[in-house]
Engineer: 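Once you've had a glance at the structure underneath, I'll fire off some questions.
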Amino acid sequence: MNRIAVFPGSFDPFTIGHESIVLRAVGLFDKIIIGIGSNNNKMSFFTAGQRLEMIRSLFAGNDKVEAQYYEDLTIDFCRRVGAHFMLRGLRTSSDFEYEKSIAQVNQVMLPEVESVFMLTLPEHTSINSSVVREVLRYGGDVSKFVPSNINIRKYIQ
Ligand code: ADP
């Protein structure tokens, strides 16, 4: 069996916290598919196409990591791509409570997909996409929070 994991999220934008989770998990799986979900509760800052391009360019040299956009339920995306694992990062206890309920519901709906959680590195605990977006809105420098291979300025007019 190919061990395929989906790493779902909004990735608006992709941060060094996300990158770290992917790089630390890559040895556990044959393939990690970064799934950019269309989250109806969130107005996105970057378009789906921009987020896809940023992530694909970042992992262009790594054939175990790919990125796709999906508009349906995450478990349906997992089913479609043949994933048996769903990878999520945990920063705080509130992340844990939130992730626990999602994982338990997903488990009922699609038992063949196992959720796998990875604790963030301590230095990445406070990094999240919404703070990065806020800094970007006011023209600040986000280079310490976004992988250096992503040229985020290119996507901001
Ligand atoms: P979502 O909208 O699903 O929360 P995000 O793009 O914010 O999407 O996050 C995707 C995944 O990455 C989630 O599992 C989240 O907990 C994890 N994550 C976000 N930021 C970090 C970070 N700094 N360190 C580790 N994991 C993170």
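Just so you know, ligand 1 is whichever comes first in the structure, and atom 1 is the first atom listed for that ligand. Keep in mind the model is a prediction, meaning the values are calculated, not measured. Numbers here simply count residues along the sequence, with the first being 1.
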Engineer: Restricting to non-hydrogen atoms, name the atom on Val81 and the atom on Ile4 that form the minimum distance, rounded to 0.1 Å.
Structural biologist: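 Taking Val81 first and Ile4 second, the nearest heavy atoms are O-CD1, 3.8 Å.
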Engineer: What part of Ser20 sits under 4.0 Å from ligand 1 if we count only heavy atoms: the side chain, the backbone, both or neither?
Structural biologist: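 For Ser20, there is no contact with ligand 1 at all, from either part.
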Engineer: Can you list the ligand 1 atoms lying under 4.0 Å from a non-hydrogen atom of Ile21?
Structural biologist: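 In order of number, 25 (C), 26 (N).
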Engineer: Is the closest N or O pair between His124 and ligand 1 shorter than 3.5 Å?
Structural biologist: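 Checking ligand 1 against His124, an N or O pair does fall under 3.5 Å apart.
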Engineer: Taking all non-hydrogen atoms of both residues into account, name the closest pair between Ser129 and Pro13 and its distance.
Structural biologist: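 Reported closest heavy-atom pair: OG-O, 2.8 Å.
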Engineer: Taking both backbone and side-chain atoms of Thr120, is any N or O found less than 3.5 Å from an N or O belonging to ligand 1?
Structural biologist: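 Yes, at least one N or O pair falls under 3.5 Å.
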Engineer: So, do Phe14 and Glu19 sit near enough that their side-chain heavy atoms are less than 4.5 Å apart?
Structural biologist: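 Yes; the side chains approach each other to less than 4.5 Å.
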Engineer: N/O of Thr125 under 3.5 Å from N/O of ligand 1, yes or no?
Structural biologist: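 N/O-N/O distance below 3.5 Å does not exist for this pair.
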Engineer: I want to know if ligand 1 touches Arg91 in the polar sense, i.e. an N/O pair below 3.5 angstrom.
Structural biologist: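 By distance alone, the answer is yes.
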Engineer: Backbone or side chain, does any N or O of Phe7 fall under 3.5 Å from an N or O of ligand 1?
Structural biologist: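 No - when backbone and side-chain N and O of Phe7 are compared with those of ligand 1, no distance drops under 3.5 Å.
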Engineer: Do any N/O atoms on Thr15 end up under 3.5 angstrom from N/O atoms on ligand 1?
Structural biologist: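 It does not: no N or O of Thr15 is found under 3.5 Å from an N or O of ligand 1.
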Engineer: At the 4.0 Å heavy-atom cut-off, does Asn128 count as touching ligand 1?
Structural biologist: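 In this structure, Asn128 fails to qualify as a contact of ligand 1 - no heavy atom is under 4.0 Å.
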Engineer: Who pairs with Glu114 by salt bridge (charged side-chain N to carboxylate O under 4.0 Å, His left out), at least two apart in sequence or on another chain?
Structural biologist: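 So Glu114 forms no salt bridge (charged side-chain N to carboxylate O under 4.0 Å, His left out) with any residue.
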Engineer: Taking only heavy atoms of Arg88, which atoms of ligand 1 are found under 4.0 Å from at least one of them?
Structural biologist: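 By the 4.0 Å cutoff, the relevant atoms are 3 (O), 4 (O), 10 (C), 11 (C), 13 (C), 14 (O).
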